[in-house]
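So the structure is just underneath, and the comments pick up after that.
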Amino acid sequence: MKTYIVGNWKMNFTVGESSIYLHKLLKRIKPAKGMQIVVAPSPVALQPLSLQTDRKKIRISAQNCWGRDFGAYTGETAIAQLKGIVDYCIIGHSERRHIFGETDKMTKEKVAACIRNGITPILCIGETESERTFGETADVLRDQIVAGLSDVSKEDLKKVIIAYEPVWAISSVKGAKLASPDDIAQSVELIRKYLKSTYGKEAEEIPILFGGSVNPSNAGAYLTIPGVNGLLIGGASLIADQFNDIIEVAKRVRA
Ligand code: 13P
């Protein structure tokens, strides 16, 4: 299975800054076999960056989309409109769920829209601090997987990526804590178990990424957790040197 290193730039960088960043990264990155590097810029930078990138080195992801292909949805972008521009789309990020009130129904529709349009959804799941404290992690992960993938057929399952991002470990969340490899291993095992119980053997092919305060110093430890197939990086992906260092760590770990 490939190793995915995905940088989620969130709502940062102007179009010009995004372009300079990509230019720097393209110059520095040496493609490695079995590794997929992806960046997810703001919506305004998607098209220029898709024209600028070398897809053999770096693929482009959207950070969100709407679940319908066209229509009266003011302010939204259909993934159908991003065909040919992006290869991936982050869906159900905790910031979408908790700041913008995205529901499981919306998440399910967005995942289905991505698959219908040939774009790989990166479905984010993860428990909050209080859900963890009350011992609800397993239920939350199961519910988010079941809901998010409920319109995905067995045949389409290999087109999906799951990103486990415990909300309490995301660097921008107040009082964020580092997730321990044991915490992550347990959750990743649960995720794989739910996927297998719903889809059977096909579930083994779904990449599971980890995200939450990943940086060049802890990336190696996170990537060696059994069942972790890559990283979804926020803060550290905003600094080209750090993102590139994480890519170098990944290359060493996977060599
Ligand atoms: P940080 O790496 O800043 O914790 O962000 C994680 C994240 O939300 C990526 O989607």
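We count ligands from 1, going down the list as the structure has it; atoms in each ligand are counted the same way.
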Salt bridge flag under 4.0 Å for residues E248 and K251:
yes
Salt bridge flag under 4.0 Å for residues K196 and E202:
no
protein heavy-atom neighbour closest to atom 2 (O) of ligand 1 works out as G234 N, 2.8 Å
Looking only at heavy atoms, is any part of I170 under 4.0 Å from ligand 1, and if so is it the side chain, the backbone, or both, or is it neither?
both
Quick note on ligand 1: atoms under 4.0 Å from a heavy atom of G212 include exactly 4 (O)
Strictly by modelled atom types, are D183 and S180 linked by a side-chain donor-acceptor pair under 3.5 Å?
yes
Under a 4.0 angstrom heavy-atom cut-off, which atoms of ligand 1 come close to E165?
6 (C), 7 (C), 8 (O), 9 (C), 10 (O)
Side chain to side chain donor-acceptor pair (under 3.5 Å) partners for N218, two or more places apart:
none
Taking atom types as modelled, is there a side-chain donor on R254 or T3 under 3.5 Å from an acceptor on the other?
yes
For ligand 1, which atoms have a heavy atom of S171 less than 4.0 angstrom away?
1 (P), 3 (O), 4 (O)
Could you list which atoms of ligand 1 come closer than 4.0 Å to a heavy atom of S213?
1 (P), 2 (O), 4 (O)
Judged by modelled atom types alone, do T120 and Y88 share a side-chain donor-acceptor pair under 3.5 Å?
no
May I ask you to list the atoms of ligand 1 that are less than 4.0 angstrom from any heavy atom of G235?
1 (P), 2 (O), 3 (O)
